[in-house]
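One structure is given here, and the rest of the page talks about it.
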Amino acid sequence: MDVRLILMGPPGVGKGTQGELLAERFGIPRLSTGDMIRAALKAGTALGERVRVYYEAGELVPDEVVLGLIAEAFDGPATAGGFLLDGFPRTVSQADGLGALLAERGLKLDAVLSLEAPERELVARISGRRVCEACGLVTHVRAVGDDAPCPECGSSLVQRSDDRAETVRNRLAVYREQTEPLLEYYARSETGLTAVDGLGTKEAVRDRLLETLQYAESPA
Ligand code: AMP
């Protein structure tokens, strides 16, 4: 099914987790600019080296870098049947750039969803987030306990370098200043914007998102 979605929301609200679930449900790729940047950092590519200082400080990387990554993804075969954008766009200029990329290809967005949660919950989620160095699992100390190995593959769980307490505050401030204006931008757009409560279990939030998209699962 052709579905083109944007999943917006502050750091720690669950965009990655929910984005995965929705993408799987619709059989579309999740395009996460954050994941693309982390892959470039890990591989030590020129692009990775160019954006490292921004990433480590919790600042946004330059608009043209992420627009280039998205344009490249749009030109690949994986996005022919739709996509879910996670963590992009994050500035008005990126949203304008996305609009141009879509228009050039004769495409339209189906929905823009905004996941919401109070700031204290975001800080708690981010500071306890752990990722597996080997298999990429994202989990939380609340689920696995302190210093536990990855429950999937047994490798080490680590904290993302931009999840440290001093960087988290900056990421939240950057979100408020640079990304929050996009909520109004999309609310006024032809597609519109739907806010969804991001609190609760991951299944509860997923069902809310699906209901919003009017593809809710029938009760078991
Ligand atoms: P995320 O994984 O989406 O939380 O992104 C982690 C970091 O990657 C951000 O704090 C930025 O440094 C960078 N980043 C990811 N997506 C974007 C974007 N659309 N625009 C600028 N910087 C981004």
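The model shown is predicted, which means the values in this text are computed figures rather than measured ones. Order of appearance sets the numbers: ligands from 1, and atoms from 1 within every ligand. Just the heavy atoms: all of them, side chains too, but no hydrogens, waters or symmetry mates, feed the values below.
- The closest protein non-hydrogen atom to atom 8 (O) of ligand 1 is Tyr55 CD1, 3.5 Å.
- Contacts between Val66 and ligand 1, counted as non-hydrogen atom pairs separated by less than 4.0 Å, involve the side chain only.
- Salt bridge absent: Glu133 and Arg160 never bring a charged side-chain N and a carboxylate O closer than 4.0 Å.
- Protein heavy atom closest to atom 13 (C) of ligand 1, with residue, atom name and distance, is Ile37 CD1, 3.6 Å.
- Within ligand 1, counting atoms from 1 as listed, the ones closer than 4.0 Å to a heavy atom of Arg160 are 1 (P), 2 (O), 4 (O), 6 (C).
- In this structure, Asp35 pairs ionically with Arg30, as a charged nitrogen and a carboxylate oxygen lie closer than 4.0 Å.
- The proximity of Val61 to ligand 1, defined as any non-hydrogen pair under 4.0 Å, involves the side chain as well as the backbone.
- Judged purely by atom type and a 3.5 angstrom limit, Thr179 uses its side chain to pair as donor or acceptor with the backbone of Arg90.
- Inspection of the Tyr55 and Arg38 side chains reveals an N or O donor paired with an N or O acceptor under 3.5 Å.
- For ligand 1, the atoms sitting less than 4.0 Å from at least one non-hydrogen atom of Gln94 are 18 (C), 19 (N), 20 (N), 21 (C), numbered in the order shown with element in parentheses.
- At a threshold of 4.5 Å between non-hydrogen side-chain atoms, the residues Glu190 and Lys108 count as touching.
- By the criterion of a heavy-atom distance under 4.0 Å, the backbone of Glu59, and not its side chain, is placed next to ligand 1.
- The shortest N or O to N or O distance between Gly87 and ligand 1 is under 3.5 Å.
- Checking only distances, Arg38 does come within under 3.5 Å of ligand 1, N or O to N or O.
- At most 12 non-hydrogen atoms from other residues, nucleotides or ligands lie less than 6.0 angstrom from OH of Tyr54.
- Residue-to-ligand polar distances keep Asp86 apart from ligand 1: every N/O pair is separated by 3.5 Å or more.
- When only non-hydrogen protein atoms are considered, atom 1 (P) of ligand 1 lies nearest to Arg90 NH2, 3.5 Å.
- Considering only non-hydrogen protein atoms, atom 16 (N) of ligand 1 sits nearest to Thr33 OG1, 2.8 Å.
- One N or O on the side chain of Asp110 and one on the backbone of Arg4 form a donor-acceptor pair closer than 3.5 Å.
- Distances between N or O atoms of Asp35 and those of ligand 1 include no value under 3.5 Å.
- A donor-acceptor pair under 3.5 Å is formed between the side chain of Gln18 and the backbone N or O of Arg206.
- The residue Met36 has no part lying near ligand 1, judged by heavy-atom distances below 4.0 Å.
- With side-chain heavy atoms closer than 4.5 Å counting as contact, directly or through intermediates, Leu21 stands alone and belongs to no larger hydrophobic cluster.
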